[in-house]
Structure formats: C-alpha cells, structure tokens
S.K.: 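Quick one: the structure is below, questions incoming.
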Amino acid sequence: MLGVFFAYTILTSDYMPLAFVIALLATVVGMQIVTDPKVRFHRNLLWIAPAAWLLFYAVDMVEFQALVRSLRRLATGKDLKWQKWVRVGVLDNACLGNQNVLPAFD
C-alpha cells in the first residue's frame, strides 16, 4: 500500500496527502514528546518530529519484509530457527558466578 501511495503522489503530482501524513505524524510525535513526564529531557527531539514519518515508513518496510519472509517459510514448510542471545551487562556478574566478563585492557 505504501508503494501505491507514493506512486499516486508522484504520478498525479498531488503532494497534499503526503503533506497531511507528514503533518499528522509530526503532530503525534510532538504530542508524545510534550505529554511525556520528562518533557525537558525530550524537548530537543521536537525539531526532528517532522522527519519521524521516514522512520515510521522504514520500520513498516522491515516489518513487511519479515511478514513476507515468514509467510514464504510457512508456505514452503521450512522451520524457523531462533537465535539465542546471552545478554550480559556490565553489572551482571552475579548471574554468571565467578566468570570474568569484562575484557582486560592492556
């Protein structure tokens, strides 16, 4: 649908729907920043709110790609293999026992 939207916008030279989407998403992001409990901390993000629509579309493309790949795997009968990550923070030595997880800097 996103491709159809952009194709319509470019082929008809009607940029008003795109401007409306940009304004709507900028307003949503701006309202989220303004209503956040830490307004002073996030206030510097207000100037990039109009460009947030690019980020939304990038995330949508990644999600769509993941959906297509998973549906293709389901259709062909391939199994999904999940990666296992061991997340270790700097202060998480207690979970690992006596293992030294910090690299030695020489």
Side-chain angles (χ1 to χ4, degrees):
M1 288 302 286
L2 188 58
V4 172
F5 174 70
F6 281 124
Y8 167 79
T9 301
I10 292 170
L11 292 175
T12 62
S13 297
D14 183 15
Y15 296 101
M16 204 58 168
L18 183 61
F20 177 74
V21 167
I22 292 171
L24 179 68
L25 289 177
T27 303
V28 168
V29 170
M31 291 302 294
Q32 286 177 339
I33 292 170
V34 170
T35 59
D36 193 85
K38 298 179 182 180
V39 176
R40 287 183 25 209
F41 181 71
H42 296 294
R43 194 176 305 154
N44 60 346
L45 297 175
L46 280 174
W47 68 275
I48 62 169
W53 65 279
L54 287 171
L55 181 62
F56 285 122
Y57 286 145
V59 169
D60 281 344
M61 286 189 298
V62 169
E63 289 176 349
F64 180 71
Q65 180 187 22
L67 175 67
V68 169
R69 285 184 178 189
S70 63
L71 290 175
R72 200 176 284 156
R73 284 189 174 268
L74 281 173
T76 58
K78 292 183 181 177
D79 289 334
L80 292 175
K81 293 182 182 178
W82 292 97
Q83 295 179 355
K84 293 185 181 185
W85 294 86
V86 177
R87 298 187 66 154
V88 178
V90 175
L91 302 175
D92 290 340
N93 287 340
C95 346
L96 297 175
N98 293 330
Q99 295 178 1
N100 184 9
V101 294
L102 297 176
F105 295 105
D106 294 324

S.K.: Report whether Trp47 and Ile33 are members of the same hydrophobic cluster (ILVMFWY, side-chain heavy atoms less than 4.5 Å apart, transitive linking).
M.R.: yes
S.K.: Do Tyr57 and Val21 touch side chain to side chain, with heavy atoms closer than 4.5 Å?
M.R.: yes
S.K.: Looking only at heavy atoms, what is the nearest atom pair of Tyr15 and Ile10, with distance?
M.R.: OH-CA, 4.3 Å
S.K.: With sequence neighbours left out, what residues match Asp14 under side chain to side chain donor-acceptor pair (under 3.5 Å)?
M.R.: Tyr8
S.K.: Sequence neighbours left out, what passes ring pair (Phe, Tyr, Trp, His ring centres under 6.0 Å) with Phe64? Give chain and number order.
M.R.: none
S.K.: Can you tell me how far the CD1 atom of Ile22 sits from the OG1 atom of Thr27, to the nearest 0.5 Å?
M.R.: 11.5 Å
S.K.: Are Leu18 and Phe56 joined in one hydrophobic group, where the rule is that I, L, V, M, F, W and Y side chains link up if heavy atoms are under 4.5 Å apart?
M.R.: yes
S.K.: What residues form a side chain to side chain donor-acceptor pair (under 3.5 Å) with Trp85, not counting sequence neighbours?
M.R.: Gln83
S.K.: Using the rule that Ile, Leu, Val, Met, Phe, Trp and Tyr join whenever any side-chain heavy atoms are under 4.5 Å apart, tell me whether Phe5 and Leu54 fall into a single cluster.
M.R.: yes
